[in-house]
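Worksheet: the structure to be examined is printed underneath.
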There are 2 protein chains.
Amino acid sequence: MSNSKLYKGSLTTIILKLLNEHDKMYGYEITQKVKALTKGELKITEGALYPALHKLEAEGLLDVEVAKVDNRLRKYYKLTETGTKETVNKLEELAEYIKTMQTLVNPKLV
Amino acid sequence: MSNSKLYKGSLTTIILKLLNEHDKMYGYEITQKVKALTKGELKITEGALYPALHKLEAEGLLDVEVAKVDNRLRKYYKLTETGTKETVNKLEELAEYIKTMQTLVNPKLV
DNA sequence: TTCTTATACATAAGAAAATTATGCATATAT
DNA sequence: ATATATGCATAATTTTCTTATGTATAAGAA
């Protein structure tokens with residue numbers, strides 16, 4: 001992310017969630033999707049994204065499939081079975097975190 | 001934090017918000033307050049807390065006042081004027097971040 | 001009385017995850 | 001021709017956290 005504050009650990013969750021919804025995506029597509037969904041508020045940098053994708057692949061959460069489109073390389077990533085399960089966990093963790101932060105930061109509403 | 005996933009940047013916001021509500025607090029008190037408010041879900045470690053407090057002080061967001069209670073040292077921190085302004089910013093950032101994450105993670109509800 | 005737990009601070013080493021800065025290559029639009 | 005967009009990648013650095021220590025006093029349990 002360039003301009004806005006990405007909180008540590010968020011990126012993995014974002015990637016997994018997007019892949020959970022879109023079946024298969026390639027890196028550049030993910031950066032554009034995030035930009036579009038957040039109306040430009042969140043910009044994923046390649047320096048963060050590609051190492052994160054590689055790590056998820058190494059951990060067995062993602063599978064890769066290389067394709068050539070318009071003479072340009074694309075690496076399509078998709079969730080493995082393990083990755084799908086982990087996505088559920090990550091989303092629960094995020095929801096939990098948000099709830100906790102709201103408790104701390106806005107105690108009257110909780 | 002020990003057990004649960006603290007997201008990067010959260011700690012500063014938590015500290016500022018607590019000081020915004022409680023006028024002055026000392027380090028140990030902050031750890032206990034967070035533990036109590038979150039029912040043990042979030043545990044701030046000293047290794048994270050004290051350096052964070054020192055940094056906020058160095059940045060001019062906090063003032064320190066040393067006290068001796070029961071023959072034990074306490075360092076009371078309170079917000080400076082700048083710190084109070086920055087608290088507002090940090091809280092807005094957090095709210096924005098939560099909104100953004102919900103957009104990404106639960107797009108149908110937004 | 002000794003040992004554990006709680007209170008209260010601090011720092012150092014290391015890990016994790018980002019930012020920033022590059023680099024390469026092709027395609028399209030100006 | 002040149003800039004912008006598409007598409008990948010990595011290295012250096014920074015930030016922020018965890019884990020592991022260390023010091024010291026007080027209170028409670030064995």
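Quick note on labels: first sequence line is chain A, next is B, and so on, each numbered from 1. From a predicted model like this one, the values you see are computed outputs, not experimental measurements.
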Rounded interatomic separation in angstrom, taking [atom1] from [X] and [atom2] from [N]:
X: A:Tyr50; N: C:dC24; atom1: OH; atom2: P; value: 17 Å
X: A:Ile44; N: D:dG7; atom1: CD1; atom2: P; value: 16 Å
X: A:Leu11; N: D:dT16; atom1: CG; atom2: P; value: 17 Å
X: A:Lys68; N: D:dC8; atom1: NZ; atom2: C1'; value: 12 Å
X: B:Leu73; N: C:dA8; atom1: CG; atom2: C1'; value: 7 Å
X: A:Arg74; N: D:dA5; atom1: CZ; atom2: P; value: 17 Å
X: A:Glu46; N: C:dC24; atom1: CD; atom2: C1'; value: 13 Å

For this session: Answer yes or no: is there an ion pair linking A:Glu21 with A:Lys17, defined by an N-O contact shorter than 4.0 Å?
Result: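 A salt bridge links A:Glu21 with A:Lys17.
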Check every atom of [options] against the side chain of [X] and return the nucleotide holding the closest atom.
X: A:Thr45; options: C:dT20, C:dT7, D:dT19; result: C:dT20
X: A:Ala48; options: C:dA8, C:dT19, D:dC8; result: C:dT19
X: B:Lys75; options: C:dA18, D:dA9, C:dA10; result: C:dA10

Seminar exercise, completed: Pairing partner of D:dA30, by Watson-Crick or G-U wobble and under 3.5 Å for both distances, is C:dT1
Exercise. If only side-chain N and O atoms of A:Tyr26 are considered, is one of them under 4.0 Å from the OP1 or OP2 phosphate oxygen of D:dC8?
Worked result: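 No, outside the criterion.
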Problem set entry | Within 45° cone and under 6.0 Å: B:Lys75 NZ/CZ vs B:Tyr26 ring | no
Seminar exercise, completed: In B/S/- notation (B base, S sugar-phosphate only, - none; protein heavy atoms under 4.0 Å), nucleotides 25-30 of chain C written 5' to 3' is -BS---
Exercise. What is the nucleic acid contact for A:Glu29, judged by heavy atoms within less than 4.0 Å: base, sugar-phosphate only, or nothing?
Worked result: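 It contacts nothing in the nucleic acid.
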Exercise. Across the strands shown, which category fits B:Gly27 at heavy-atom distances under 4.0 angstrom: base, sugar-phosphate, nothing?
Worked result: sugar-phosphate
Problem set entry | For A:Glu96 against B:Glu41, the heavy-atom pair lying closest together |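 That would be OE2-OE1, 2.8 Å.
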Problem set entry | Those residues of residues 51-64 of chain B lying under 4.0 Å from DNA chain C by at least one heavy atom |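 Close to the strand are B:Pro51, B:His54.
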Do [X] and [Y] come close enough that some side-chain heavy atom pair is under 4.5 Å?
X: A:Thr12; Y: A:Lys90; value: yes
X: A:Asp23; Y: A:Leu79; value: no
X: A:Leu18; Y: A:Met25; value: yes

